[in-house]
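Take a look at the structure below.
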Protein chains: 2
Amino acid sequence: MTVVWQCQGVNPSAAPAGAVRQGSLRELNLALVLGRIAAAPRPPSRAALAAETGLTRATVSAVVEDLVAGRLVTEAEPQPRAGAGRPARGLVLAGDGPAGLGLEINVDYLAACVVDLAGEVRHHSVHRADLRPVSPADALGQLVRLAAGARAAADAQGLTLAGAALGVPGLVDEAGRVRLAPNLGWRDVPVPELLAGHPPLTETVDGVPPLVVDNEANLAALGELHAGDGPGSFLHISGEVGIGAGIVLDGALYRGTRGWSGEIGHIPVRPDGPPCRCGGRGCLEQYAGQEAILSAVGLTGADLPADTAPNRLAELAEAGDATVLNALHEAGAALGVTVASVVNLLDLDTVVLGGGYAPLAPWLRPPMLAEIDRRVLTAAWAPVTVRVATLGATAAAVGAAGSVVRRIIARPAGWLARL
Amino acid sequence: MTVVWQCQGVNPSAAPAGAVRQGSLRELNLALVLGRIAAAPRPPSRAALAAETGLTRATVSAVVEDLVAGRLVTEAEPQPRAGAGRPARGLVLAGDGPAGLGLEINVDYLAACVVDLAGEVRHHSVHRADLRPVSPADALGQLVRLAAGARAAADAQGLTLAGAALGVPGLVDEAGRVRLAPNLGWRDVPVPELLAGHPPLTETVDGVPPLVVDNEANLAALGELHAGDGPGSFLHISGEVGIGAGIVLDGALYRGTRGWSGEIGHIPVRPDGPPCRCGGRGCLEQYAGQEAILSAVGLTGADLPADTAPNRLAELAEAGDATVLNALHEAGAALGVTVASVVNLLDLDTVVLGGGYAPLAPWLRPPMLAEIDRRVLTAAWAPVTVRVATLGATAAAVGAAGSVVRRIIARPAGWLARL
DNA sequence: TCATTTAATTCAACCACTGAACAAATAGCG
DNA sequence: CGCTATTTGTTCAGTGGTTGAATTAAATGA
């Protein structure tokens with residue numbers, strides 16, 4: 001079996017673009033029913049699923065039988081019902097079936113987590129370490145050890161790891177190679193090759209590579225998508241050392257033609273502004289990046305580790321520090337200008353502040369909203385919501401693990417065939 | 001039968017998200033085979049289609065039989081073949097089946113055109129008239145007369161109009177109401193109601209409304225998509241009096257959550273720049289809009305009708321007029337800054353200059369490319385192409401008509417059921 | 001106790017695809 | 001000219017999966 005390592009597919013279309021064969025029918029309906037079970041607020045009965053989907057109850061029963069046999073779904077306790085009639089048997093996603101392993105490498109920590117089909121985080125571990133002075137190979141070695149712990153925890157809970165995803169703060173190509181991770185100091189790091197020496201994290205399942213490497217901001221947006229209520233469209237802004245964003249359009253992550261979408265940190269705010277590392281001038285990162293905010297306050301990254309800086313700034317702002325308040329106001333205004341561009345372009349109704357921006361949201365939001373209201377053409381008819389991410393700093397790892405189980409929910413036939 | 005008028009669906013997904021019933025199988029395969037026939041560079045045989053799609057020849061034959069019976073496909077003359085074997089019978093889209101009616105209302109002209117299944121423009125007519133002083137009702141009255149002529153031309157060629165689409169330079173809501181068309185001076189114009197008095201342009205077919213109202217820039221991008229070679233992702237910039245854009249992602253127009261995407265004219269270039277009509281400051285339109293370019297040259301819109309201004313400017317630039325060259329350079333640079341933002345956000349590989357920008361492209365391109373190279377993070381690995389639109393000023397009307405026939409190609413079952 | 005109501009299963013019918021066999025139409029070759 | 005090889009397209013029995021109606025299951029309420 002050839003083990004292929006690759007980046008998350010550039011655009012995974014849920015529906016098969018190819019031939020629709022006899023068996024595709026069952027495949028599609030398995031996905032349809034499982035998707036409804038996953039999206040339902042409370043365990044639905046077979047009858048309810050039939051009514052929702054338009055399939056007959058006979059078909060739903062047959063499909064559910066397959067799902068239960070494959071350990072993807074289990075029956076919940078009968079719900080007490082109001083009125084007459086045989087009580088419904090509720091269906092829920094299995095808590096002891098396949099699970100996803102999520103990994104994250106960031107500037108000053110490594111993280112691993114395990115998420116089950118229902119989206120519950122069943123294991124989570126973080127290893128703090130400044131990874132900038134460490135070689136990529138050593139960093140990945142540490143990651144493998146963390147992953148082994150996560151795998152043991154999954155086994156102990158009766159979960160089967162069905163795949164893994166790794167988030168990296170940088171640009172990843174289709175082969176899983178990290179082309180550029182500026183804040184980590186990585187350039188052209190062949191993650192798959194470096195991991196090849198270690199025992200693979202999981203086995204290849206149904207043609208899906210055992211490990212998918214993806215941009216951290218993309219995975220964080222996916223985490224937010226699955227944590228939120230239902231699909232939709234939003235921009236998820238991850239304010240780490242750099243500024244990245246994940247774009248969710250109609251419930252699907254948009255990755256761009258090469259998978260490099262969401263680089264809002266380098267959207268020009270003032271074309272003649274201060275020069276940026278990237279070669280441009282006046283990029284958003286120069287106004288709202290963590291280092292920009294810190295230096296406006298008279299601090300540098302050397303004074304504060306990157307992961308504690310946001311909370312420290314929030315404390316100072318809470319205490320009424322005028323310099324900090326002013327710096328956050330400026331950063332928020334720059335974010336607002338950029339978000340206005342994005343909303344004018346994409347007509348989004350929601351923007352989510354994640355990563356390091358989450359604790360700073362109370363101070364960033366007002367200037368953001370002011371700029372958005374002023375600059376978005378359709379703001380009068382269609383207000384834009386700016387909200388705080390529901391997942392905290394763990395968003396990328398949880399999103400990575402979630403992307404694995406979501407793939408199973410979107411295409412259960414692959415998992416069932418594996419049995 | 002209730003006649004419903006509506007805006008183009010916000011996000012028409014090709015594949016059914018709902019239940020996959022017995023008959024859906026055939027529906028999907030009809031669409032699959034017809035789509036391949038439409039996309040093929042030369043008339044494919046049934047055997048070739050079977051090989052391409054993965055269906056058996058038997059199934060392809062059955063599907064093709066349905067398509068031929070429904071006048072969507074006809075057999076071409078047998079192709080001369082190299083080597084032994086029974087000669088293949090090539091399949092082509094029918095030139096005498098359903099066709100689409102495309103309409104456009106713009107500042108100083110009305111247009112109508114008829115496009116057949118194969119994408120050929122079978123009729124095209126333009127009526128020049130300054131529509132700013134005319135009431136919306138009167139303008140639509142003129143449009144209805146133009147449409148009647150187009151319908152007669154279609155009838156004369158044996159074509160059946162299967163629907164119509166109307167492009168308007170403004171924001172359109174789901175009900176087909178024009179919320180705002182600044183350059184036309186329209187505000188909250190209920191196009192469907194105003195057209196209700198006139199005989200409908202076509203009958204409702206299979207639940208699809210007879211007339212779809214959409215943004216002109218969106219339709220122009222669709223026209224460019226269908227005129228080009230295959231799907232892909234690009235930004236199509238329509239430089240009319242205002243600046244609009246259509247966003248095509250993976251071969252599908254992205255309309256945004258309310259259908260108001262692509263308003264790049266109001267993306268801020270310099271947040272503290274000159275005030276804009278929209279209430280913001282330093283919008284792209286202030287630097288690269290037609291009026292901005294003209295006033296930089298010392299002219300006003302009163303001197304030149306909007307539709308001749310671009311060609312006039314091109315002549316002056318060709319002659320080496322330094323003021324004009326400078327104005328175009330500035331406009332191109334502003335466009336480049338904005339496009340860099342878009343590419344950083346969406347990771348597109350192609351930008352198309354359409355509408356009034358097409359004749360000016362030789363002068364706009366160099367400064368655009370310079371800004372893009374400087375400001376796009378991934379420019380070093382993934383060059384961005386800036387090309388001129390292949391359709392001329394007719395893009396919106398042709399795109400509108402094309403959207404009608406494309407809908408049939410994407411979902412032929414609806415058309416077949418109508419018979 | 002029994003009618004009523006809702007849930008889930010069973011089963012014959014049917015629809016569309018599959019795979020193999022077959023008919024059709026041509027080129028190449030002796 | 002006839003024969004074989006080759007490729008196209010059709011026919012037909014077989015099969016998988018959905019359908020719809022009938023049936024069984026399990027509760028409530030009068």
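Protein chains get the first letters and strands the later ones, always in sequence-line order, with residue 1 at the start of each. Values below: every heavy atom of this structure, side chains too, minus hydrogens, waters and symmetry copies. The structure presented is a predicted model; accordingly, all values stated were derived computationally and were not measured.
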State whether the side chain of [X] and the backbone N or O of [Y] hold a donor-acceptor pair below 3.5 Å, judged by distance alone.
| X | Y | result |
| --- | --- | --- |
| A:Glu120 | A:Val115 | no |
| A:Ser61 | A:Ala58 | no |
| B:Thr59 | B:Leu55 | no |
| A:Glu27 | A:Arg411 | no |
| A:Asp116 | A:Gly119 | yes |

**Heavy-atom side-chain contact between B:Thr56 and B:Val60 under 4.5 Å** = no
Roughly, in whole Å, what's the span from [atom1] in [X] to [atom2] in [N]?
| X | N | atom1 | atom2 | value |
| --- | --- | --- | --- | --- |
| B:Leu25 | C:dC14 | CG | C1' | 14 Å |
| B:Arg89 | D:dT7 | CZ | C1' | 13 Å |
| A:Leu28 | C:dC17 | CG | C1' | 14 Å |
| A:Glu65 | D:dG17 | CD | P | 13 Å |
| A:Leu55 | D:dG17 | CG | P | 14 Å |
| B:Leu32 | C:dA16 | CG | P | 16 Å |
| A:Glu75 | C:dT9 | CD | C1' | 13 Å |
| B:Glu52 | D:dT8 | CD | P | 13 Å |

For B:Glu174, is there an ion pair with B:Arg255 - N to carboxylate O distance below 4.0 angstrom?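 No, B:Arg255 and B:Glu174 are not salt-bridged.
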Has B:Ser61 got a side-chain N or O lying under 4.0 Å from the OP1 or OP2 atom of D:dG9?
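Checking B:Ser61 against D:dG9: no side-chain N or O falls below 4.0 Å of OP1 or OP2.
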**Request:** Ignoring backbone atoms, establish whether B:Asn29 has a side-chain N or O less than 4.0 Å from OP1 or OP2 of C:dA16.
**Result:**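 No, no such contact exists.
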* Asked: In chain order, what residues pass the side chain to side chain donor-acceptor pair (under 3.5 Å) check against B:Ser45, with sequence neighbours excluded?
  ->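 Listed in chain order: nothing, the list is empty.
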A:Arg46/A:Glu65 under salt bridge (charged side-chain N to carboxylate O under 4.0 Å, His left out): CA gap, chis, key distance, verdict = CA-CA 10 Å; A:Arg46 293 165 174 78; A:Glu65 194 176 11; over 6 Å; no
Each nucleotide of nucleotides 19-30 of chain C classed B (base within 4.0 Å of a protein heavy atom), S (only sugar-phosphate) or -, in 5' to 3' order, makes B----BBBS---
Within residues 41-51 of chain A, the residues having a heavy atom closer than 4.0 Å to DNA chain C are A:Ser45, A:Arg46, A:Ala47
